Amino acid sequence: MSEAPPNLGPAPAGGGEGRQGILFVISSPSGGGKGTLIRRLLDTVPGVGYSVSWTTRAPRPGEVNGVNYHFVSRDEFERKTRARGFLEWAVVHGNLYGTTRAAVRHELSRGRDIVLEIDVQGAHAVRAWRKLKKSVASIFILPPSFETLRARLTARMTERPEELELRLRNARAEVEQYTHFDYVVLNDEVERAAEELSAIVRAERARRARQEWVARRVLASFGASAAR
Ligand code: 5GP
């Protein structure tokens, strides 16, 4: 993300005790526009947190350590890997990126939802975690075309030419991975795509399996059922 995500808001309606948070895994190729859509999501839907990843990539102008990423050396990253501090990590476009285990566990156990903005390898790893399976909803943000992707990446001018080419070369293999995700959002028009992403978050929260504890509480308020 190129701007600071907002502070974590309150837990979703009925949140707190009894509720297990949802892990929203969001992937797209570089330039797919997920940063903008995620920012919109965090601004508009309360109770969604953002997991700040660790990376060995150098900060871009305007990026803030601890906000956009925890920017660390390769040594520091590898120490964390050895200490089993990552829920998942991957080499992406030549740099290391990882999601810390502690932050995710903490948020989920408090009943908060959390967004992981990670690449397709990371998404694969998170989906494979048996313990997390029921907590994960995965979303792939699809650019409308390769040309749009190239135009967006070129226009943002955040990569050196060779880095940009590497990202474009990797894009096709990344887009092919859409088949493994629960949802696909076509990012052809930001307003519409942002709306769709919020709708997915709201719908996932309303799944019966996730509302069991609320429904049971409501049911209990009716008292014991009268025998007829
Ligand atoms: P960027 O360098 O453009 O910020 O990110 C490059 C890629 O790394 C993006 O696809 C982004 O989603 C991914 N990425 C960011 N954080 C993580 C992470 O913690 N784990 C994994 N696997 N990928 C990440």
Side-chain angles (χ1 to χ4, degrees), residues 1-5 23-39 41-42 49-72 74 76-78 80-81 83-108 114-129 132 136 138-143 149-150 152-178 180-181 183-185 187 197:
M1 297 194 26
S2 51
E3 276 171 34
L23 208 50
F24 289 100
V25 172
I26 305 184
S27 300
S28 81
S30 198
K34 63 183 176 306
T36 308
L37 296 184
I38 291 172
R39 236 168 7 246
L41 177 69
L42 300 179
Y50 180 80
S51 158
V52 180
S53 295
W54 281 38
T55 185
T56 60
R57 164 167 84 61
R60 294 175 187 141
E63 284 186 330
V64 178
N65 190 26
V67 175
N68 303 97
Y69 282 106
H70 297 286
F71 295 100
V72 295
R74 209 170 174 105
E76 206 176 334
F77 195 101
E78 282 167 359
K80 185 94 166 170
T81 313
R84 299 174 53 81
F86 291 117
L87 182 69
E88 65 74 35
W89 66 272
V91 181
V92 191
H93 315 312
N95 289 302
L96 300 172
Y97 295 81
T99 307
T100 55
R101 201 183 284 274
V104 171
R105 271 219 191 117
H106 180 67
E107 293 296 326
L108 288 185
I114 186 158
V115 166
L116 303 187
E117 182 184 352
I118 59 181
D119 88 312
V120 291
Q121 306 168 74
H124 181 79
V126 171
R127 279 192 305 257
W129 272 92
L132 289 176
V136 175
S138 60
I139 305 160
F140 193 85
I141 310 288
L142 198 60
L149 193 72
R150 181 203 291 280
R152 283 185 190 156
L153 260 182
T154 311
R156 76 180 195 192
M157 294 195 301
T158 47
E159 276 76 31
R160 291 198 303 266
E162 62 275 20
E163 287 167 348
L164 193 143
E165 282 310 314
L166 175 64
R167 284 171 182 245
L168 288 174
R169 269 202 308 282
N170 291 339
R172 187 192 164 90
E174 290 175 322
V175 170
E176 280 172 354
Q177 295 297 310
Y178 80 89
H180 301 291
F181 286 71
Y183 298 91
V184 172
V185 172
N187 189 13
L197 187 58

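None of these values were measured; they are calculated from a predicted model. Just so it is clear, the values below take in all heavy atoms, side chains as well, and ignore hydrogens, waters and symmetry mates. Every number for a ligand or one of its atoms is a count from 1 in the order of the listing.
Within the cation-pi definition used here (under 6.0 Å to the ring centroid, within 45° of the axis), Arg60 does not qualify as a partner of Tyr69.
No N or O atom of His93 sits closer than 3.5 Å to an N or O atom of ligand 1. Considering backbone and side-chain atoms together, Trp54 places no N or O closer than 3.5 Å to any N or O of ligand 1. For the pair Gly98 and ligand 1, the shortest N or O to N or O distance falls below 3.5 Å.
A distance-only check finds a donor-acceptor pair linking the side chain of Ser27 to the backbone of Ile118 [under 3.5 Å]. The backbone N or O of Leu96 sits less than 3.5 Å from a side-chain atom of Thr56, completing a donor-acceptor pair.
Contacts between Glu163 and ligand 1, counted as non-hydrogen atom pairs separated by less than 4.0 Å, are absent for every part of the residue. Proximity of Arg167 to ligand 1, defined as any heavy-atom pair under 4.0 Å, is confined to the side chain (atoms from C-beta onward).
Atoms of ligand 1 found under 4.0 Å from any heavy atom of Arg57, numbered from 1 in the order shown, are 1 (P), 2 (O), 4 (O). Residue contact check: Lys34 has heavy atoms under 4.0 Å from atoms 9 (C), 10 (O), 12 (O) of ligand 1. Every atom of ligand 1 is numbered from 1 in the order shown, and the set under 4.0 Å from a heavy atom of Ala90 is 22 (N). Using a 4.0 Å cut-off to heavy atoms of Gly122, the atoms of ligand 1 that qualify are 22 (N).
The distance from atom OG1 of Thr55 to atom NE2 of His70, rounded to the nearest 0.5 Å, is 11.5 Å. Rounded to the nearest 0.5 angstrom, Ile139 CD1 and Leu37 CG are separated by 10.0 Å. Once rounded to the nearest 0.5 Å, the distance linking CZ of Phe86 with OG1 of Thr99 reads 8.0 Å.
Between Arg172 and Glu176, at least one side-chain nitrogen of the basic residue sits less than 4.0 Å from a carboxylate oxygen of the acidic one, meeting the salt-bridge criterion.
Ligand 1 is approached by Tyr69 to a heavy-atom distance shorter than 4.0 Å.
Residues Tyr50 and Glu117 have side chains that bring a donor and an acceptor to within less than 3.5 angstrom of each other.
Nearest-heavy-atom check against atom 14 (N) of ligand 1 across Gln121, Glu159, Glu117 picks out Glu117. Looking at Val91, Asn68, Asp119, it is Asp119 that brings a heavy atom closest to atom 23 (N) of ligand 1.
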